[in-house]
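Report on the following structure.
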Amino acid sequence: MANNTGTGVWEGGLKSGKGTVSTQSGTLDARYSFGSRFEEDVTGTNPEELVGAAHAGCFSMFLSSLLEGAGKTATSVRTQAKVHLGQDNGPYIRKIDLTTEVEAPGLSNDELQELAQKAKEGCPISRALASVPEMTLTATLKGA
């Protein structure tokens with residue numbers, strides 16, 4: 001199995017500092033700051049947004065694999081992972097809402113619900129995020 005590396009660099013203090021995150025492949029090289037992480041309408045990414053993107057991508061690919069294994073090859077699987085922060089002794093991810101829309105010829109809603117739940121429980125990023133207190137799933141058939 002492949003090993004993948006992400007890198008984060010932070011310079012300066014918490015509120016006045018700035019950082020970058022990048023990937024081994026060079027696909028991502030983005031800036032982030034206190035503002036882009038905790039305030040509205042500030043340019044830049046943040047770790048939670050990246051977790052959401054990773055989770056959505058992993059879930060979509062895993063669900064596509066499960067669909068194919070069930071003989072229902074997907075035309076498309078589009079997933080959004082909304083990551084909610086909470087605060088106790090510090091910020092933490094308190095909830096992730098997965099919302100997916102699937103287009104797959106011959107797929108019933110019951111089949112979708114069963115396979116989407118399996119994807120939620122089994123995709124590697126979901127498994128890595130098992131400590132998140134709440135993870136919801138809404139799965140719909142496109143055009144249904």
Side-chain angles (χ1 to χ4, degrees), residues 1-10 14-15 17-144:
M1 298 300 274
N3 294 310
N4 298 286
T5 304
T7 302
V9 177
W10 187 261
L14 177 61
K15 289 190 177 182
K18 62 184 177 185
T20 59
V21 290
S22 60
T23 56
Q24 170 184 325
S25 67
T27 302
L28 175 69
D29 187 5
R31 297 174 329 203
Y32 73 113
S33 66
F34 181 89
S36 69
R37 189 167 191 191
F38 299 112
E39 299 169 0
E40 298 291 325
D41 300 322
V42 177
T43 302
T45 191
N46 60 69
E48 292 74 29
E49 177 181 66
L50 299 172
V51 165
H55 199 184
C58 183
F59 177 90
S60 291
M61 190 176 192
F62 200 86
L63 179 54
S64 180
S65 173
L66 293 174
L67 289 163
E68 188 172 54
K72 310 287 182 169
T73 302
T75 304
S76 70
V77 178
R78 180 181 174 86
T79 305
Q80 180 182 66
K82 185 173 184 181
V83 178
H84 302 265
L85 281 178
Q87 177 77 24
D88 55 18
N89 295 327
Y92 72 102
I93 296 174
R94 67 175 177 82
K95 181 180 179 183
I96 298 175
D97 296 318
L98 290 170
T99 305
T100 192
E101 182 180 65
V102 176
E103 183 175 2
L107 181 66
S108 73
N109 186 58
D110 287 343
E111 291 170 313
L112 172 60
Q113 298 310 315
E114 178 184 339
L115 294 173
Q117 186 62 38
K118 285 182 182 179
K120 177 185 157 216
E121 294 166 3
C123 93
I125 301 297
S126 287
R127 292 172 65 187
L129 295 170
S131 66
V132 173
E134 183 178 2
M135 192 178 299
T136 67
L137 172 63
T138 303
T140 58
L141 281 170
K142 187 173 183 178

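Quick caveat, the model's predicted, so the values are computed rather than measured. Sequential numbering from 1 along the given sequence is applied to the chain's residues.
Take E101 and apply the side-chain hydrogen bond (donor to acceptor under 3.5 Å, both in side chains) test, not counting sequence neighbours, and it matches no residue. Scanning for salt bridge (Lys or Arg N to Asp or Glu O under 4.0 Å) contacts around K118 gives E114, with sequence neighbours left out.
Of all non-hydrogen atoms in A104 and A74, the two that sit nearest each other are CB-CA, 3.8 Å. In plain terms, the two heavy atoms of A81 and I96 that are nearest each other are CB-CG2, 4.2 Å. Nearest heavy-atom pair across W10 and S33 is CH2-CA, 3.8 Å. When all heavy atoms of T27 and S25 are compared, the pair lying nearest together is OG1-OG, 2.8 Å. Looking at every heavy atom in both residues, L115 comes nearest to A70 through CD1-CB, 4.0 Å.
Atom NZ in K142 sits 11.5 Å away from atom OG1 in T100 (nearest 0.5 Å). We find the CG-CG distance between L112 and L66 to be 11.0 Å, quoted to the nearest 0.5 Å. Between the CG atom in L50 and the CD atom in E48 there is a gap of 8.5 Å [rounded to 0.5 Å]. The CG atom of L98 sits 6.5 Å away from atom OG1 of T136, with the distance rounded to the nearest 0.5 Å. Residue T140 holds its OG1 atom at 11.5 Å from CD of E103, rounded to the nearest 0.5 Å. Distance check: I93 CD1 to S131 OG gives 8.0 Å after rounding to the nearest 0.5 Å.
The number of heavy-atom neighbours closer than 6.0 Å to CZ of R94, taken from other residues, nucleotides and ligands shown, is above 12. The number of heavy-atom neighbours closer than 6.0 Å to NZ of K18, taken from other residues, nucleotides and ligands shown, is 12 or below.
Of the possible polar contacts, none joining the S126 side chain to the G122 backbone as a donor-acceptor pair under 3.5 Å is found. The closest donor-acceptor contact from the side chain of T5 to the backbone of Q24 lies at 3.5 Å or more, if one exists at all. K120 contributes a side-chain N or O that, together with a main-chain N or O of M135, makes up a donor-acceptor pair within less than 3.5 Å. E39 places no side-chain N or O within donor-acceptor distance of the main-chain N or O of F34, the cut-off being under 3.5 Å.
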Subject >> side-chain contact (heavy atoms from CB on, under 4.5 Å) between F38 and L85, intermediate numbers included >> reply: CA-CA 9 Å; F38 299 112; L85 281 178; 3.9 Å; yes
Original post:
What do the steps show when you test V77 against L67 for side-chain contact (heavy atoms from CB on, under 4.5 Å), and what is the final call?
Top reply: CA-CA 10 Å; V77 178; L67 289 163; 4.1 Å; yes
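Residues C123 and M61 have side chains not in contact (no heavy-atom distance under 4.5 Å, counting atoms from C-beta outward). Residues R31 and T43 form a side-chain contact, since some pair of their non-hydrogen atoms from C-beta on lies under 4.5 Å apart. Looking only at side-chain heavy atoms (C-beta outward), F59 and L137 come within less than 4.5 Å of each other. By the 4.5 Å heavy-atom criterion applied to side chains, L28 and T45 are not counted as neighbours.
Looking only at atom types and distance, the side chain of E121 has a donor-acceptor partner in the side chain of Q117 under 3.5 Å away. In this structure, a donor-acceptor pair under 3.5 Å is absent between the side chains of S36 and N46.
Each of Q80, K82, H84 was checked for a side-chain hydrogen bond (donor to acceptor under 3.5 Å, both in side chains) with D97, and the lone residue meeting it is H84.
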